[in-house]
Colleague: 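One structure follows; several queries about it will come next.
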Amino acid sequence: MTHVLAVIGDMFPDAHCELNHSNPFELTIAVLLSAQCTDETVNKVTADLFQKYRTPADYLAVPLDELENDIKRIGLYRNKAKFIQNLSRILIDEYDGEVPREHEALTKLPGVGRKTANVVVSNAFGVPAIAVDTHVERVSKRLGFAKADDGVLEVEKKLMKLVPRELWTETHHRLIFFGRYHCKAQNPKCPVCPLLDCCKEGQQRMKPALNRKAMN
DNA sequence: AACTCGGGGCA
DNA sequence: TGCCCAGAGTT
């Protein structure tokens with residue numbers, strides 16, 4: 001695992017959270033919006049969104065359909081608009097308008113699941129965490145850090161065991177970049193992957209190509 | 001465990 | 001055009 005992280009670190013030395021934000025509240029909104037779409041798409045929307053809405057009260061000051069329209073370029077926008085207004089109400093009523101720093105409290109917010117809470121605590125509050133999204137899950141399974149039928153919680157536990165706590169957040173960022181830009185769901189770059197010699201799945205994927213070579 | 005939300009990106 | 005996607009909630 002240490003070797004793998006070092007290699008990925010060389011591939012993506014600047015791995016970081018790609019969602020544009022300038023405070024915990026904006027990060028929470030951005031991660032919530034990022035469900036099932038790329039960070040790039042989210043950033044296009046939040047560029048204007050964060051100019052118009054700066055506080056929880058701002059999101060409650062407009063009708064639901066206006067907020068829906070403001071995030072319409074993102075998928076699942078009806079759910080997300082509702083989540084944002086309900087979440088804003090709770091922040092005002094129960095947390096003095098601030099995003100709570102506790103993981104438990106975060107996951108109770110509408111639209112905020114385990115993955116979003118992990119991203120918020122690690123990127124906004126400096127608490128070590130490994131957020132397991134589909135990229136981290138896929139990469140972890142391909143590299144053999146988790147079993148194929150493990151759920152996201154199981155994958156998270158296994159990764160945390162393999163990596164010292166102070167490296168959890170960095171590990172999360174590296175695995176995300178590796179999965180997003182190299183070890184992609186479709187057409188992963190196995191032929192040029194520096195981890196091929198320690199990746200069973202990659203070797204398996206490369207076999208047909210080797211067989212074709214042998215035929216020639 | 002399966003289903004739903006959904007426009008954007010990519011083949 | 002058709003397919004999949006940096007999730008979370010409901011049934």
Side-chain angles (χ1 to χ4, degrees), chain A residues 8 11-12 14-21 24 26-50 59 64-91 99-100 103-124 129-143 145-156 159 168-189:
Chain A
I8 298 177
M11 297 171 71
F12 304 102
D14 62 337
H16 63 286
C17 176
E18 296 194 291
L19 293 167
N20 291 336
H21 65 280
E26 286 188 355
L27 177 62
T28 304
I29 299 297
V31 182
L32 188 157
L33 290 175
S34 77
Q36 300 295 99
C37 72
T38 66
D39 285 4
E40 193 183 1
T41 303
V42 175
N43 287 338
K44 285 178 189 167
V45 168
T46 53
D48 294 330
L49 195 74
F50 291 164
Y59 286 103
L64 181 57
D65 61 339
E66 181 174 341
L67 180 55
E68 285 179 356
N69 194 58
D70 287 336
I71 65 171
K72 202 153 178 50
R73 292 162 57 197
I74 297 186
L76 318 179
Y77 61 91
R78 277 191 275 262
N79 284 340
K80 290 171 182 176
K82 260 180 262 177
F83 287 153
I84 290 173
Q85 285 201 331
N86 293 339
L87 172 154
S88 295
R89 170 51 59 198
I90 294 175
L91 292 188
V99 174
H103 188 278
E104 284 245 0
L106 282 165
T107 54
K108 286 180 189 162
L109 298 173
V112 179
R114 184 172 189 85
K115 181 253 178 179
T116 301
N118 281 359
V119 172
V120 170
V121 297
S122 61
N123 288 289
I130 299 179
V132 178
D133 54 32
T134 56
H135 288 314
V136 174
E137 181 178 358
R138 180 183 65 253
V139 166
S140 300
K141 289 179 178 179
R142 282 183 179 169
L143 289 171
F145 300 139
K147 297 199 180 293
D149 57 353
D150 283 341
V152 288
L153 194 61
E154 203 62 33
V155 174
E156 182 181 332
L159 289 176
W168 285 353
T169 300
E170 182 183 356
T171 298
H172 157 71
H173 286 139
R174 288 187 179 181
L175 292 181
I176 293 252
F177 267 65
F178 182 65
R180 179 151 162 68
Y181 298 111
H182 187 92
C183 192
K184 299 181 287 186
Q186 284 87 28
N187 302 322
K189 302 184 179 180

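Proteins come first, then strands; the chains are lettered A, B, ... in the order of their sequence lines, and each starts at number 1.
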Colleague: Please identify which of these residues, A:V136, A:I130, A:V132, meets the side chain to side chain contact (heavy atoms under 4.5 Å, CB included) condition with A:I176.
Modeller: A:V136

Colleague: Rounded to whole angstrom units, what separation is found between the CD atom of A:E137 and the P atom of C:dG7?
Modeller: 10 Å

Colleague: Taking the inter-plane angle between the rings of A:F178 and A:F12 on a 0 to 90° scale, is it parallel (under 30°), tilted (30 to 60°) or perpendicular (over 60°)?
Modeller: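 A:F178 and A:F12: perpendicular rings.
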
Colleague: Please give the distance between the P atoms of B:dG6 and C:dT11 as a whole number of Å.
Modeller: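 Taking atom P in both B:dG6 and C:dT11, they lie 16 Å apart.
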
Colleague: C:dG7 phosphate, OP1 or OP2: any side-chain N/O from A:T134 under 4.0 angstrom?
Modeller: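 Indeed, a polar side-chain atom of A:T134 lies that close.
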
Colleague: CD/A:E68 to CD1/A:I84 distance, rounded to the nearest 0.5 angstrom?
Modeller: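 Interatomic distance, A:E68 CD to A:I84 CD1, rounded to 0.5 Å: 10.5 Å.
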
Colleague: Answer yes or no: is there a donor N or O on one side and an acceptor on the other, between the side chain of A:K115 and the main chain of A:D133, under 3.5 Å?
Modeller: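 No, A:K115 side chain to A:D133 backbone: no donor-acceptor pair under 3.5 Å.
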
Colleague: Between P on C:dG7 and CD on A:E156, what's the gap in Å once rounded to a whole number?
Modeller: 15 Å

Colleague: Are the side chain of A:T46 and the backbone of A:L49 linked by a donor-acceptor contact shorter than 3.5 Å?
Modeller: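 Flag not set: sc A:T46 to bb A:L49 has no pair under 3.5 Å.
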
Colleague: To the nearest Å, give me how far apart CD1 (A:I71) and C1' (B:dC5) are.
Modeller: 12 Å

Colleague: Over how many whole Å does the gap from A:E68 atom CD to B:dC5 atom C1' extend?
Modeller: 12 Å

Colleague: Looking at A:R180 and A:E18, is any side-chain nitrogen of the basic one under 4.0 Å from a carboxylate oxygen of the acidic one?
Modeller: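 A salt bridge is present here (some side-chain N lies under 4.0 Å from a carboxylate O).
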
Colleague: Which residues pass the ring pair (Phe, Tyr, Trp, His ring centres under 6.0 Å) test with A:Y59, sequence neighbours left out?
Modeller: A:F25, A:Y53

Colleague: Do any N or O atoms of the protein come closer than 3.5 Å to N or O atoms of nucleotides 8-10 of chain C, and which pairs are they?
Modeller:
{"unit_1": "C:dA8", "atom_1": "OP1", "unit_2": "A:G113", "atom_2": "N", "d": "3.1"}
{"unit_1": "C:dA8", "atom_1": "OP1", "unit_2": "A:T116", "atom_2": "N", "d": "3.0"}
{"unit_1": "C:dA8", "atom_1": "OP1", "unit_2": "A:T116", "atom_2": "OG1", "d": "2.3"}
{"unit_1": "C:dG9", "atom_1": "OP1", "unit_2": "A:G111", "atom_2": "N", "d": "3.0"}

Colleague: CG of A:N69 versus C1' of B:dG6: gap in Å, rounded?
Modeller: 15 Å

Colleague: Under 3.5 Å between N/O atoms: give me all the protein pairs with nucleotides 7-11 of chain B, atom names plus distance.
Modeller:
{"unit_1": "B:dG7", "atom_1": "O3'", "unit_2": "A:R73", "atom_2": "O", "d": "3.4"}
{"unit_1": "B:dG9", "atom_1": "OP1", "unit_2": "A:K44", "atom_2": "NZ", "d": "3.0"}

Colleague: May I ask you to check whether A:F177 and A:H182 place their ring centres under 6.0 Å from each other?
Modeller: no

Colleague: What does A:A185 touch in the nucleic acid at a heavy-atom separation under 4.0 angstrom: a base, only the sugar-phosphate, or nothing?
Modeller: sugar-phosphate

Colleague: Please tell me whether A:H172 and A:N118 have a donor and an acceptor in their side chains that are separated by less than 3.5 angstrom.
Modeller: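 There is no such pair (donor and acceptor under 3.5 Å, judged by atom type) between the side chains of A:H172 and A:N118.
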
